[in-house]
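Report on the following structure.
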Amino acid sequence: TETTEHGHRFQLSAEQREALVLGLERGYFETPGEVSLEELAEELGITRQALSKRIRRGNAKILKTVLLSSVVDLQ
């Protein structure tokens with residue numbers, strides 16, 4: 001799992017973290033994107049579909065932790 005300095009535990013797998021970090025480093029999340037999903041998948045040696053799933057699942061875990069924990073904190 002990945003722990004931030006704020007103590008949030010995102011429960012990311014090593015593969016999800018790797019995909020998200022690589023996407024951030026290569027500009028995948030920029031608008032317009034600086035690299036395609038296909039290019040990232042090739043760099044990781046996996047299919048585009050597998051990478052897409054890793055990114056979606058990793059993002060969902062992070063968003064749920066951050067957004068839902070902030071709702072709980074407000075109550």
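Position 1 is the first residue of the sequence, and the numbers go up from there.
At least one side-chain heavy atom of Leu20 sits less than 4.5 Å from a side-chain heavy atom of Phe29.
Lys61 contributes a side-chain N or O that, together with a main-chain N or O of Gln11, makes up a donor-acceptor pair within less than 3.5 Å.
Residues satisfying the side chain to side chain donor-acceptor pair (under 3.5 Å) test with Arg57, not counting sequence neighbours, are none. Residues meeting the side chain to side chain contact (heavy atoms under 4.5 Å, CB included) test with Glu15, sequence neighbours left out: Ser13, Arg54.
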Stepwise side chain to side chain contact (heavy atoms under 4.5 Å, CB included) test for Leu22 and Tyr28: CA-CA 8 Å; Leu22 185 63; Tyr28 174 73; over 6 Å; no

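Grouping the Ile, Leu, Val, Met, Phe, Trp and Tyr side chains by contacts below 4.5 angstrom, directly or via other members, places Leu24 with Ile55.
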Without placing hydrogens or testing angles, list every side-chain donor-acceptor pair under 3.5 Å for residues 37-47, not counting sequence neighbours.
unit_1, atom_1, unit_2, atom_2, d
Glu38, OE1, Ser36, OG, 3.4
Glu38, OE2, Arg48, NE, 2.7
Glu39, OE1, Ser36, N, 2.7
Glu39, OE1, Ser36, OG, 3.2
Glu43, OE1, Arg26, NE, 3.3
Glu43, OE2, Arg26, NE, 3.4
Glu43, OE2, Arg26, NH2, 2.5
Thr47, OG1, Ala50, N, 3.0

